[in-house]
Amino acid sequence: MLKQLITWHRRIALFCFIPFVIWALSGLLHPAMSHFAKAPFIQSSPVKINKSDLKSYTELQVTLTQQGISEFSHASLVEYHGDLFYQVMEQSLNHLDVHYLPLSESQLHLTDIDYAQYLAKRWSKQNILDAQLITQFSAAYPEINRVLPVYRIQLDNGNHMYIDTLAKRITAHNTPLRDTLSYWFKQLHTWQFAGDRHSPWRIVPMLMISTALLVMATLGLIAYSVLWPRIKSNQQSIRSFHRGTGLILSFCLLGFSSSSTHILIDKLFVQEFRTLQPNNQMATLDIHHDPVQALLSAQGDNFQVVNINGQIVSQIVSFEKRAMHFSYWDTQQTTYDNNSFVQSILLEQLEISGLLNHSEKIDKFGPTYGFINKRLPVQQLSFEHSPEVLYSVELHTGYIAAVDDRWQKARSWHFGYLHKYHFLNPLGKGLRDSIITAICLGLVLVALTGTCMYFSKLLRQRRAKLQRNLKNNELLENN
């Protein structure tokens, strides 16, 4: 029985050898990007409106009517070289147009790409070499960044910054080296060359190899654990290194392979909510209050016009110590709150409603809302009819950022703790990544020594067979 386990352990190991070594070594590109190719941190300061500049202005409804905009899905205020503009998004002919309409008489003409460059220059303190609208994810700007559309801004130091003008934030900031490492990580570790994120041509082969590695590690762990009292040796050799180190690191390989299998299975099912656009369409004639006056009354820093259950109100945002706080106004403060806004979105987009079981505003990434989701702040809700499902909606854009059921929570825990080793975070990111690097290199050495042992044994057997044949031929000739 044990002999059969060892035989299959060797066969599967040989089958997986090349992709496994590529996966293990390319996995080291991830910590390399974090430590050796990281762009300098740039703080995107909040876009606050100086209320003393709002003494004279044209109301939003009047401005929209004058511009012939009958319907819109976003309206807020922006500042550009000292002048204030309404930032308005209009859907026309199956595409979105972002208009910048001056609050009062202005000689400045502002476009969306101009505003993106303005924010980039203001935040980075760098000159702008080029700007390009990005409407699809790519190797340079992968789906993990979550946010589209964005502007790709090339700074004069060679770095690329990605700006979301509607949310007024930086979504990514990469050095050329990071872009290069990221490209090879996607090709070698996630096999982007084989297909897109949910392509079965990519997922199925990876799933087969990942499952094979899981079986191989399990067989080796069982067989050599049982045989260890008989095969352990005090002498240092390739064989003792392979068996001893392999036994120890097999637990790590079980974590890597099982978590990758888990996440690959998850990739077979498209998360439809990530493709949804906030349906915040509003008619200009349905605006029955002045959002600027609501901003002044609330003493906030900016506003966004939102639709809550068919009623148009102003979502007033106030910035306090980098956190965003929201209130909801028309001619006066309404009874709406973040829960009301999020419930309206979930009912409109997912047809989900019911009595609330849990609600919480999340201002930073943590156990219930990971960094992989990118968007902040969010309001998290769960309902009494399905308390295990947690819905996270970004408050200032209306995007559904995450829907986590038991499967998703288990996948996040599994991948975070057994693939990325988040349980080592208290030790510091540098030490954690050093441990992961040592484990990956150790697994590669175990694979190399095992392969060398197999082919050395095969070569010895062939030589022995040749020698036996020669001796047999000599005996026949002598007879």
Trainee: Before we go on, tell me: are the rings of W191 and W23 under 6.0 Å apart, centre to centre?
Mentor: yes
Trainee: Applying the salt bridge (Lys or Arg N to Asp or Glu O under 4.0 Å) test to E394, which of R169, R146, K374 qualifies?
Mentor: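 When R169, R146, K374 are each tested with E394, the salt bridge (Lys or Arg N to Asp or Glu O under 4.0 Å) holds only for R169.
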Trainee: Go through it in stages, so that I can follow the logic: the residues are T284 and Q61, the test is side-chain hydrogen bond (donor to acceptor under 3.5 Å, both in side chains), and I'd like the CA-CA distance, side-chain angles, deciding distance and then a yes or no.
Mentor: CA-CA 6 Å; T284 300; Q61 186 183 52; over 6 Å; no
Trainee: What pair of heavy atoms forms the shortest contact from V313 to T334, and how long is it?
Mentor: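 Of all heavy-atom pairs spanning V313 and T334, the closest is CG1-CG2, 4.4 Å.
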Trainee: If you take the centroid of each ring, where Trp contributes its six-membered ring, are W407 and H414 closer together than 6.0 Å?
Mentor: no
Trainee: Distance to the ring centre below 6.0 angstrom and angle to the axis at most 45 degrees; does that hold for R152 and Y141?
Mentor: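 Pair R152/Y141 does not count as cation-pi.
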Trainee: Please check if any side-chain donor atom of D112 sits under 3.5 Å from a side-chain acceptor atom of Y151, or the reverse.
Mentor: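 Per modelled atom types, D112 and Y151 side chains form a pair under 3.5 Å.
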Trainee: Determine, using ring centers only, whether F185 and H30 are less than 6.0 Å apart.
Mentor: yes
Trainee: Do the rings of F365 and Y369 sit parallel, tilted or perpendicular, given the 30° and 60° boundaries?
Mentor: parallel
Trainee: I want to check something: taking the side chain as every heavy atom from C-beta on, are Y118 and L110 in contact at a cut-off of under 4.5 Å?
Mentor: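 Heavy-atom side-chain distance check fails, nothing below 4.5 Å.
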Trainee: Working to the nearest 0.5 angstrom, can you tell me the gap between D290 CG and F303 CZ?
Mentor: 8.0 Å
Trainee: Mind checking the CD-CG spacing from E320 to D301? Nearest 0.5 Å is all I need.
Mentor: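 Between E320 CD and D301 CG, I get 8.5 Å after rounding to 0.5 Å.
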Trainee: Got more than 12 heavy atoms from elsewhere within 6.0 Å of CD, Q136?
Mentor: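 Not more than 12 within 6.0 Å, no.
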Trainee: Evaluate side-chain hydrogen bond (donor to acceptor under 3.5 Å, both in side chains) for H396 paired with Q304, printing each intermediate quantity in order.
Mentor: CA-CA 8 Å; H396 61 296; Q304 291 186 123; 5.9 Å; no
Trainee: For the residue pair D114 and H109, what are the closest heavy atoms and their distance?
Mentor: OD2-O, 4.1 Å
Trainee: With a 6.0 Å cut-off on ring centres, are F273 and Y399 close enough?
Mentor: no
Trainee: We want to know whether Q408 and D266 form a side-chain donor-acceptor pair, criterion being a heavy-atom distance below 3.5 angstrom.
Mentor: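 There is such a pair between these side chains.
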Trainee: Hey, are S382 and H358 close enough side-chain-wise for a donor-acceptor pair under 3.5 Å?
Mentor: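 Judged by distance alone, the side chains do not pair up.
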Trainee: Out of curiosity, M161 CE to S44 OG, how far, rounded to the nearest 0.5 Å?
Mentor: 9.0 Å
Trainee: Are there over 12 heavy-atom neighbours, none belonging to E351, within less than 6.0 Å of that residue's CD?
Mentor: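 No - once you tally the heavy atoms of other residues, nucleotides and ligands closer than 6.0 Å, there are 12 at most.
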Trainee: Measure centre to centre between the rings of F423 and Y421, then say whether the value is under 6.0 Å.
Mentor: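 Between F423 and Y421, the centre distance is under 6.0 Å.
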Trainee: Of D404, I400, I352, which meets side-chain contact (heavy atoms from CB on, under 4.5 Å) against Y391?
Mentor: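 Single side-chain contact (heavy atoms from CB on, under 4.5 Å) partner of Y391 among D404, I400, I352: I352.
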Trainee: When rounded to the nearest 0.5 angstrom, what is the spacing between CZ in R122 and OH in Y115?
Mentor: 7.0 Å
Trainee: Is any side-chain heavy atom of K168 closer than 4.5 Å to one of V78?
Mentor: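 The answer is yes; the side chains approach within 4.5 Å.
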Trainee: Has N280 got a side-chain atom pairing as donor or acceptor with S73's backbone, closer than 3.5 angstrom?
Mentor: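 Judged by distance alone, yes, a pair lies under 3.5 Å.
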Trainee: Name the residue from V403, L346, L381, V378 that meets the side-chain contact (heavy atoms from CB on, under 4.5 Å) definition with V393.
Mentor: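 When V403, L346, L381, V378 are each tested with V393, the side-chain contact (heavy atoms from CB on, under 4.5 Å) holds only for L346.
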Trainee: Can you tell me how far the NZ atom of K361 sits from the CG atom of D337, to the nearest 0.5 Å?
Mentor: 12.5 Å
Trainee: Side chains of L441 and L28: closer than 4.5 Å at any heavy-atom pair?
Mentor: yes
Trainee: Out of curiosity, D156 CG to D130 CG, how far, rounded to the nearest 0.5 Å?
Mentor: 12.5 Å
